[in-house]
Amino acid sequence: MSAKDRFHDVAKKALQKDNWQITHDLLTLQVDGLTDMYVDLGAEKIIAAQKDSKKIAVEIKSFLSASTIFEFHTAIGQYINYRYALQEREPERVLYLAVPLNTYNNFFSRSFIQSVIQRSQVYLIVYDPKKEEIVQWQT
């Protein structure tokens with residue numbers, strides 16, 4: 001089992017403030033006998049009525065190491081693996097990569113990184129670690 005990211009609880013609180021109900025605080029994905037894939041959170045938001053619900057899975061990253069590009073490579077690799085696993089096991093769930101606001105402003109807003117995000121079809125949640133709030137959803 002992987003360790004929780006430093007901002008795991010912050011991102012979780014931000015989703016709860018945004019009226020998401022946390023359904024899994026470590027969503028295990030078992031595909032083809034592989035049992036060591038864990039998405040950080042599963043969440044569900046009731047949109048209109050009880051039947052119409054939206055489900056997401058969220059991989060949370062803090063980007064606190066010395067090499068942001070190395071963490072980005074790791075995050076994109078995990079995201080792609082988890083997205084394919086979700087398509088097999090829980091196709092109704094949409095996967096998001098949660099990144100802190102400062103990292104988004106200083107790294108993810110660069111044109112090359114945005115190009116990678118768009119071409120790789122990575123959905124982002126940008127959260128403010130100080131306010132514990134979601135500031136942007138990017139699809």
Output, in order, the C-alpha distance, side-chain angles, deciding distance and verdict of side-chain contact (heavy atoms from CB on, under 4.5 Å) for I56 and Y123. CA-CA 11 Å; I56 63 173; Y123 294 170; over 6 Å; no
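Here CD of Q21 is found 9.5 Å from CD of Q16. Values are rounded to the nearest 0.5 Å. Between the NE2 atom of H8 and the CG atom of L26 there is a distance of 7.0 Å, given to the nearest 0.5 Å. To the nearest 0.5 Å, atom NZ of residue K12 and atom CG of residue D25 are 4.0 Å apart. Within the model, atoms CH2 of W20 and NZ of K54 stand 5.0 Å from one another, a figure rounded to the nearest 0.5 Å. Atom OG1 of T139 sits about 12.5 Å away from atom CD1 of I117, to the nearest 0.5 Å.
Y104 and V116 fall within a single hydrophobic cluster, where Ile, Leu, Val, Met, Phe, Trp and Tyr side chains are chained together by heavy-atom contacts under 4.5 Å. With hydrophobic clusters built from ILVMFWY side chains whose heavy atoms lie under 4.5 angstrom apart, W137 shares a cluster with F7. Hydrophobic clustering (side-chain heavy atoms under 4.5 Å, transitive across Ile, Leu, Val, Met, Phe, Trp, Tyr) keeps L97 apart from F70. L64 and I76 fall within the same hydrophobic cluster, where Ile, Leu, Val, Met, Phe, Trp and Tyr residues are linked whenever their side-chain heavy atoms come under 4.5 Å apart, directly or through other members.
When the shell of 6.0 Å around CZ of F107 is examined, it contains more than 12 heavy atoms from other residues, nucleotides or ligands. Other residues, nucleotides and ligands place more than 12 heavy atoms under 6.0 Å from the NZ atom of K17.
In this structure, L101 and K130 have side chains that are not in contact, with every pair of non-hydrogen atoms separated by 4.5 Å or more. Between Q136 and L124 there is no side-chain heavy-atom pair separated by less than 4.5 Å. Considering only heavy atoms from C-beta on, I134 comes within 4.5 Å of L15 through its side chain. Looking only at side-chain heavy atoms (C-beta outward), Q138 and V126 stay at 4.5 Å or farther from each other. Counting only heavy atoms from C-beta outward, the side chains of T23 and K55 never approach each other to under 4.5 Å.
Applying the salt bridge (charged side-chain N to carboxylate O under 4.0 Å, His left out) definition to pairs two or more places apart or across chains, those involving residues 58-87 are E59-K61.
With ring centers used as reference points, F72 lies under 6.0 Å from F108.
Between L86 and L95, the closest heavy-atom pair is CD1-CB, 3.8 Å.
Of the possible polar contacts, one joining the S109 side chain to the N105 backbone as a donor-acceptor pair under 3.5 Å is found.
With sequence neighbours left out, the salt bridge (Lys or Arg N to Asp or Glu O under 4.0 Å) criterion links E90 to R93.
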